[in-house]
Amino acid sequence: MPELNLDKILASLDLRISEVTLPDEYDQISKDYLGKDSLLAEERKKLPTLSNEDKKTYGKKLTELSKEIESKIESSQKQFILDTFQKKEREEFTDITIDWNRNEGSYKHILSSVMDEVVNIFSSIGYEVAYGPEAETSWHNFDALNTPDWHPARYESDTIYLNSDLETLLRTQTSTVQIRHMEQNDPPVYIVAPGRVFRSDQLDATHSPVFHQLEGLAIDKNLSFTDLKGTLEYFTKEFFGENIETKFIPHFFPFTEPSAEVLVKWNDGSWLEILGCGMVDPNVLENVGYSKEYKGFAWGVGIERLAMLRYKIDHIKNFYENDIRFLEQF
Amino acid sequence: MKLLRSWLQDWIDLTDIDDDDLSTALESLGFEIEDYKLINPDYKNIIVGKVIEIYPHPNADKVRVTKVDVGNKIYEIVCGAWNFEEGAIVPVALPNSYIKDSFKIDKRDIRGVESNGMICSASELNLWDEHDGILILDESFKIGSDFSKSYISSDSYWEVGVTPNRGDCMSYLGIARELSTYFNKNLNKIENPLNPKLKPVLKVNSGKSKLCSSYQSIEIENISIKDSSFLIKYRLSNIGVRIINNVVDYTNYVLHDIGQPLHAFDRDKLYGTISVRKAKEGEKLKTLDEQIRTLDNDDLIITDNNEPIALAGVMGGFDTEVTNETVNLLIESAYFDKVSIMKTSRKLNLISDASVRFERGIDRNIQAYGLKRFTNLYELDENIQYSEISDSSKQTESENYITFEISLIESILGQVIDNKFITSTLKSLSIESEIKKDTIKFKQPSWRYDLERPIDLIEEIAKHYGFNNFKSTLPIGNNLNKVGNYWNVRKYFIDKLSLEKFNETQSLSFTQKEYNEFFDPDKEGVKVLNPIDQTQEYLRTNLYYSLIKTYKFNYDQNGFSGKYFEINNIYNNSTNKKYKKIPKQDYTLGFLVPDNNSNINPMQYIASLLRKIIPGVSFDQLSKPGFHQNNSYLIMVDNKLIGHTGQLSYLLKEELNLSENLFLSQIYLEELNLEGLNTSNYKPLSHYPFIKFDLSFKVDRDLNANDLIQEVENLLQNNENSIKVFDDYAFEKTRNLGIRIITRSYEKTYNEKENTEILNMIVDKLTSKFNITLNEKGE
């Protein structure tokens, strides 16, 4: 029975493997040790000449050797690939502190984001968004809202008018949408109306001729003052957080009665006014022809005010100058 | 309304109520607290002294030397004021005392005479503005006592907002009435008895006009014009009223105390009957401020012998005013119509404490009380005599009871309010009321113009019950989490464009005519009647100019700019189809893309972006004012015009001094709905392998690549396709267009032969139909 120096073969294989520098070399090694011209193949050719007994024993031995060589090459090859990639990875480095896209914001205007947030809070309790024109009739902006023609709010020093008989104007409040909506829809009504309002003020740190309000209106058969309280307390908690303290103090608006202002307690202990509200005045409901069995409440909240409070923005001008340094922050 | 605790104390006992409780009460009664502060003396160690001797300074003419008795000792003090005589009681700053602003007073040599401190004026003690000389005190100030303990020198001050419906709370009496209900205390009654010794010399007549329902007066003789009492000066000065003299100050005092404006005439300058009427058109009156006012038929005036002597409720006349020489007075106390006073005071821009009270409505029954209160402010002696009150009041209809069902209270407020609470509250507010079975009736007090309807009384009850004492309930509306199309469309575009890194902007709606006309020369802009300034005379007819302005602002101010969009209304004077009487206004999206020389052509970028976010969009080339002749397109969906996009004309680019080409678009959002925007039809996936061709054609400059793509789509309409332009290169007169076609059958795997057949079919069709030539093909 032929004798093969297994150790010598394996030792030479180890040497070959250790000298590998390129992954392709493994194909050649396989060929050299397992291919048809390999030592192993030479020995296999001898098998038919052997006795049955020896054939079996020697054949088995050769098979085992072949498997061992195969597995050695395979595992070495895997290791070589792994080592190569790991070395490559160790040499690679990314400076993740570089911010190529320096805009930190959402690209949305802060007033849009705040309006959307407020809309979402009210839509979660069943309010739909309504809208109405910004250039309005004086009737919708004042008369229908129980503000008679001698009322100081109607003076040209406060209101921007569009014609000389003072019949059309730029709305001074989103409450106009209450009227527009009720004229076109039957009760029950649950709406919010975010939008622009206008006053005769020059743009500066604390004034703007344009600003945003969100009007809310709920008209149904059984709505009362406690519902108004509950609804606006829900809003302040959703917007400012569960722990916010809210209080209602009496106020006056021509189109609601009773009327209130809502204040929230700020971190520093001071109370800040955030919105005006009240039970819709019976005259308003009469003006739009709603039957007496319906009543409800309305409120108006200043969007700039909410944004200024929450983000500590100190200049109203920031909202309308569109300085990209400001826009990018939100 | 400015409040002093010590003054309120006249009307309601506040001794056991601290400032915090008072603030809480004021706020919960609806008086917003605008300011609160403590008042403390701005001086130290000031003693009350008596001047016992005055003699000339040996070396100076402008000062005198005095001997002042401060109780235990007499000091020699040099004094520069000349408004006092021997015997005057004065505040004295002895050495080691402090006057205002912590200024220390010590012994001082004044031209060879040692002065032991100084005698103080009111302004040196920071009491009030009075520079005429030293402060002369009355007999109630005890010699040798600590000045700060001789009157209420420590006080609390509030400035509160009074809502326009509550004219009755524009006085101490009115505020105290509310507080007395809140604290459940009595409102003090201040009696002002009169004991007239004279018959009035002049007649008064409230006239025919309904605008004056009551005109009353009292005549006072032999007064001398001098300083008011210390108390009046202290109170008025601390609520910001300027100190004048004992006539003007006392009318001001009564106004703030009980809310009745008074006017003082010099009686000796009046002749005939004092009467009230509307002014004649063009009639003139010289008012107290020495201005000649031209009046019209809306103005209410006071006349004597039918000549104007005062603007009723707004300002007195110059010719009849009280001067230092006045000895006899006629004091007017009247009720004038709210709206009339408001119109005149606004028109002439004369807004005074009196006009503000008249326009909000004063108590209809307080005119006589006002005159009595005024008269009693004088320390009367044998010389000062006064007349009985002349009263020319018109009969006014007495207020009727208003009755309503008591259940309405619960229905509005959502909570049962105890009847006992209701009756005691109304009683305390002097509102006559009665509850019978299921109904309540009430009568409007003469000072409460806000109580006309059941809802007004319900508000009153709710306010005194305390808004914060009501429970809270949360009703749920109709449409949970459905914001509606208007808001959805807005959100859709904000989301899409912000992901594309467009900055959302908000700009003012105002502009100048010329900026509108850059883009909309044929549209009539909406002009503002009372513009804020010349640059804001029109409402914008488009968003383009605002976007350019923002782009340029940042480019110039910050050295970089970006892509912007804005969603807001644009306006013009054409017919509004939705609403009558108002100008057309379109809710519009505008966006701007600058050409910052990236590889992507901005016009192609915009078109592809719009194709992505508006399904079914198409473009029709059309030149438009302000835009590039060719690079300007209408945006269409289903043959409906929804907007416009294009490149800013080179001319405007130059005129506006822009360094980059700008691409501007506008889309009318009201033409779109979210259902349309969210439509995208599912294309089933083929399970068979794809075949792929890259074709490069030589084409004409004006060929639309999309026509080629559509043609291929048609040819392969039964397959799943992906057909794209991968190259578009133009050089001089040639243009090469590369199209990549990836297609798969839904039924089979294509073999080599079929592959070639398809390729040839496409090339043949495209070359023949579009008259183009194939450069090369790849697979």
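Throughout, a chain's letter reflects where its sequence line sits, starting with A, and its residues are numbered from 1. Predicted model only: the values in this text are computed from it and were never measured.
For chain B, no part of A:A218 is nearby; none of its heavy atoms comes within less than 4.5 Å. With a 4.5 Å cut-off on non-hydrogen atoms, A:L166 touches chain B through its side chain but not through its backbone. Contact of A:L169 with chain B is not made at all, since no heavy-atom distance falls under 4.5 Å. Contact annotation for A:S164: both backbone and side-chain heavy atoms come within less than 4.5 Å of a heavy atom of chain B. With a 4.5 Å cut-off on non-hydrogen atoms, A:T159 touches chain B through its backbone but not through its side chain. When heavy atoms are compared at a cutoff of 4.5 Å, B:N558 approaches chain A solely by way of its side chain, counted from C-beta outward. Only the side chain of A:F198 comes within contact range of chain B, with heavy atoms under 4.5 Å apart. Both the backbone and the side chain of B:F470 come within less than 4.5 Å of a heavy atom of chain A. Contact annotation for A:L263: only side-chain heavy atoms (C-beta onward) come within less than 4.5 Å of a heavy atom of chain B. For A:N283, the parts sitting under 4.5 Å from any heavy atom of chain B are the backbone and the side chain alike. For a residue to count as touching a neighbouring chain, one of its non-hydrogen atoms must lie under 4.5 Å from one of that chain's; by this rule B:S546 does not touch chain A. Proximity to chain B involves both the backbone and the side chain of A:P194, based on heavy atoms less than 4.5 angstrom apart. The contact between B:Q585 and chain A is made entirely by side chain atoms (from C-beta outward), counting heavy-atom distances below 4.5 Å. Only the side chain of A:H212 has a heavy atom closer than 4.5 Å to any heavy atom of chain B. With a 4.5 angstrom heavy-atom cutoff, A:I110 does not touch chain B via any of its atoms. Of the atoms belonging to B:R346, it is side-chain heavy atoms, and not backbone ones, that fall under 4.5 Å from chain A. B:L539 touches chain A through its side chain: at least one heavy atom from C-beta onward sits under 4.5 Å away, while N, CA, C and O do not. Contacts between B:E460 and chain A at a heavy-atom distance below 4.5 Å are absent for every atom of the residue. Contact annotation for A:E183: neither backbone nor side-chain heavy atoms come within less than 4.5 Å of a heavy atom of chain B. Proximity to chain B (any heavy atom under 4.5 Å) is shown, for A:K247, by both the backbone and the side chain. Proximity to chain B is limited to the side chain of A:E273, based on heavy atoms less than 4.5 angstrom apart.
Between the side chains of A:Q213 and A:R196, no donor N or O sits under 3.5 Å from an acceptor N or O. With no hydrogens or angles considered, no side-chain donor-acceptor pair links A:T137 and A:T168 at under 3.5 Å. With 3.5 Å as the limit, one finds a donor-acceptor pair spanning the side chains of B:Y587 and B:R490. Between the side chains of B:Y486 and B:E670, no donor-acceptor pair of N or O atoms lies under 3.5 Å. Counted by atom type alone, B:Q415 and A:T226 present zero donor-acceptor pairs between their side chains at under 3.5 Å. For B:S507 and B:E566, the side-chain atoms include at least one donor-acceptor pair closer than 3.5 Å. A side-chain donor-acceptor contact under 3.5 Å links B:E504 and A:S112. Side-chain contact check for B:Q536 and B:D533: at least one donor-acceptor pair (N or O, by modelled atom type) lies under 3.5 Å. Inspection of the A:N322 and B:Q506 side chains reveals no N or O donor paired with an N or O acceptor under 3.5 Å. With 3.5 Å as the limit, one finds a donor-acceptor pair spanning the side chains of A:T172 and A:N141.
Closest non-hydrogen pair, B:E452 versus B:I402, comes out as O-CD1, 3.2 Å. B:P583 and B:V526 get closest at one heavy-atom pair: CB-CG2, 3.7 Å. Contact record, B:I412 with A:M279: O-CE, 3.8 Å, taken as the closest heavy-atom pair.
Among B:I494, B:N485, B:V483, B:L497, the residue making the largest number of heavy-atom pairs under 4.5 Å with chain A is B:V483. Of the residues considered (A:I191, A:N163, A:V192, A:L232), A:N163 shows the highest number of contacts with chain B, using heavy-atom pairs under 4.5 Å. Per-residue heavy-atom pair counts under 4.5 Å with chain A were compared for B:L413, B:T550, B:T163, and the maximum is reached by B:L413. Note on B:L529, B:L29, B:N569: by heavy-atom pairs under 4.5 Å with chain A, the leading option is B:L529. Counting heavy-atom pairs closer than 4.5 Å to chain A, the top residue among B:V339, B:L480, B:N554, B:L474 is B:N554. Taking chain B as the reference chain and counting heavy-atom pairs below 4.5 Å, the highest number among A:I324, A:L203, A:I125, A:N120 is found for A:I324. The choice from B:K491, B:K580, B:K563 that makes the most heavy-atom pairs within less than 4.5 Å of chain A is B:K491. For the options A:E261, A:E136, A:E167, A:K295, heavy-atom pairs under 4.5 Å to chain B are most numerous at A:K295. Contact count against chain A (heavy-atom pairs under 4.5 Å) is highest for B:K471 among B:K581, B:K471, B:K549. Contact count versus chain B (heavy atoms, under 4.5 Å) is highest, among A:E321, A:E257, A:K108, for A:E257. Among the candidates A:L111, A:V210, A:I249, the residue making the largest number of heavy-atom pairs closer than 4.5 Å to chain B is A:I249.
No close placement of the B:Y555 and B:F560 rings is indicated, their centers lying 6.0 Å or farther apart.
Below 30°, between 30° and 60°, or above 60°: for A:Y127 and A:Y190 the angle between ring planes is above 60°, a perpendicular geometry.
The side-chain contact (heavy atoms from CB on, under 4.5 Å) test with A:K229 is passed by exactly one of A:F297, A:Y234, A:F248: A:F248.
The cationic group of A:R180 lies under 6.0 Å from the six-membered ring centre of B:Y579 and within 45° of the ring axis, placing it in a cation-pi geometry.
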